[in-house]
Structure formats: C-alpha cells, structure tokens
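Accompanying notes for the structure given below.
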Amino acid sequence: MRPAAMSRPRILLIAGSARSRAFSARLRDVALREVEAAGAEPRTLDLRALDLPLYDGDLEARAGVPAGARTLRDALDRTDGLLFVTPEYNAFPTPLALNAFDWLSRVQAAEGAPGGMAVLADKPVALMSTSPGAFGGMRALALMRQYLGGAFQMLVLPQQLAVGKAGEAFDDTGALKDARLQQSVADIVRRLVALSTRG
Ligand SMILES: Cc1cc2nc3c(=O)[nH]c(=O)nc-3n(C[C@H](O)[C@H](O)[C@H](O)COP(=O)(O)O)c2cc1C
C-alpha cells in the first residue's frame, strides 16, 4: 500500500551504476541537494549493496526471493517518490538495475508487508541519465520510462534529463558546470516533490 504522504515528502534516490566513482552517482548527488533545497527528505539506496544474484527461477523455487529484494521493497515502501539516475550500457539500462527490479517484482505480499509491484504502483518517479557520450544515455532513459511506467505502473514524470559528456560535466564542488542543466535538475526535482506530496 502507498504510504500516506507526509508534510515533508520522502524521496529515494538511486543510481543504477555498477562501479564506484560513477557519473550517475554524481548526478544523483546533484539531485539530492535539490531535494533538500525543495524541503523534502532525501534518502539513497545502493543497488550493489543489496547483493542480489542474477535472477534464477530455480533459485527462487528452492529458496524464495533473496533478502536484498525485500530490502528494496521496504525502501520503496517507505518513500513517497523515486528519483532514478541510469547509466547506459549498449543502449540499455544496466543489468544491475533491471535485475534488482525484476527480483522486486517477485516479492509477494506477506505478513502485513506489501508485494513488490504494489509498492511502486501509482508512485511518482523522475528519470535522469548520464554518460561520457554526447547523448548522455537517453536511449536507456527511454527504456527505463517504459519499464517503470509499463511493467510497474509508476507515474513517470514527463520531464527528464540526459547529461552528456559526463567527464567534463561536473565542477570540483560536484555541481553541474552548465547552469541550464543544473536548473533542469532543480525543476525536475521540484515537480517530483510536488507530485510526491499528493495524498
Ligand atoms: C558494457 C558497457 C556498455 C556501454 N554502452 C554505452 C552506451 O551504449 N552508451 C553510452 O553513452 N555509454 C556506454 N558505456 C559507457 C558508460 O556510459 C560509462 O562506462 C559510464 O561511466 C557508466 O556510468 P557510471 O559512471 O554511472 O557507472 C558503456 C559501458 C559499458 C561498461
């Protein structure tokens, strides 16, 4: 069940990267500061720390869903909105992200806790991407929109942002050098926070 919106909405920020020092984590942190500036409560989740094996139907039949999938379910259940920053691997979102959300979709409601699909249905999500390439991962962005909006029935914000040439995009303080891109992050976050405040 969707948690009741609070006066200070909780926004979970996830970067779909499979490496440390990730560009997507840097963009996530730009967004995190804007979440704070918008008066909302940011939280982050490291998908790698969930330690989820590659989805395996035999493993699921034998041992059920791994604990990391329930950890992801709980984190998403405790948030009013999601901001997801995806890298791009061969025009796709990362296997790390897809695998985590595929496992999430297998979590069933039990002992008063909701199922994995239920915690995302009708929940707002804002999408961003970044990559060293000129297009900034926008092909992965389109697929994340389809995945989270189509399969998980999330409310995907129409506004999105792809930050290209990631190697040169951030200054020493972690901000985006291009003021228009920085403003886009702020605008998207403000819209997400406003949507996440709805009852
Ligand atoms: C398997 C693989 C495929 C990649 N494919 C693309 C791609 O299609 N488009 C792109 O812009 N960058 C691509 N890259 C480069 C990534 O954008 C780059 O490694 C980036 O740093 C990953 O994001 P992160 O820094 O958030 O981890 C690819 C990298 C890997 C490892």
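Atoms within each ligand, like the ligands themselves, are counted from 1 in listed order.
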Would L120 and F101 satisfy side chain to side chain contact (heavy atoms under 4.5 Å, CB included), going step by step from the backbone distance to the final call? CA-CA 10 Å; L120 290 188; F101 281 81; 3.8 Å; yes
If you scan protein heavy atoms around atom 26 (O) of ligand 1, the nearest is S24 OG, 2.6 Å
Under 4.0 Å from atom 24 (P) of ligand 1, is there at least one protein heavy atom? yes
Can you list the atoms of ligand 1 that are under 4.0 Å from a heavy atom of R139? 7 (C), 8 (O), 9 (N)
Closest approach of F84 to G16 (non-hydrogen atoms, all atoms of both residues): CZ-CA, 3.9 Å
Determine whether any heavy atom of G137 lies closer than 4.0 Å to an atom of ligand 1. no
Contact partition for A91 relative to ligand 1, non-hydrogen atoms under 4.0 Å: backbone
So the side-chain hydrogen bond (donor to acceptor under 3.5 Å, both in side chains) pairs with at least one residue in residues 45-56 (sequence neighbours excluded) are Y55-E60
If only atom types and distance count, is the side chain of R28 paired as donor or acceptor with the main-chain N or O of T44 below 3.5 Å? no
Subset of ligand 1 atoms that lie under 4.0 Å from at least one heavy atom of S17: 24 (P), 26 (O), 27 (O)
Pairs involving residues 177-196, ordered by first then second residue, that meet salt bridge (Lys or Arg N to Asp or Glu O under 4.0 Å) (sequence neighbours left out): D178-R180, D187-R190
How close do A126 and I188 get, heavy atom to heavy atom, and via which atoms? CB-CG2, 3.7 Å
Distance to 0.1 Å, residue and atom name: give those for the protein heavy atom nearest to atom 31 (C) of ligand 1. Y89 CE1, 3.9 Å
Can you name the closest pair of heavy atoms from P42 and E36 and give their distance? CG-CG, 3.5 Å
As an exercise, identify every atom of ligand 1 less than 4.0 angstrom from a heavy atom of N90. 1 (C), 3 (C), 4 (C), 5 (N), 6 (C), 7 (C), 8 (O)
Counting heavy atoms only, which of P132, S131, G164, S20 comes nearest to atom 20 (C) of ligand 1? P132
If we number the atoms of ligand 1 from 1 as shown, the ones under 4.0 Å from a heavy atom of R19 are 21 (O), 24 (P), 25 (O), 27 (O)
Using a 3.5 Å distance criterion without hydrogens, assess whether the side chain of Y89 forms a donor-acceptor pair with backbone atoms of P95. no
Checking a contact table here: which protein heavy atom is nearest atom 22 (C) of ligand 1, and how many Å away? P87 CB, 4.0 Å
among protein heavy atoms, the one nearest atom 10 (C) of ligand 1 is E88 OE2, 3.5 Å
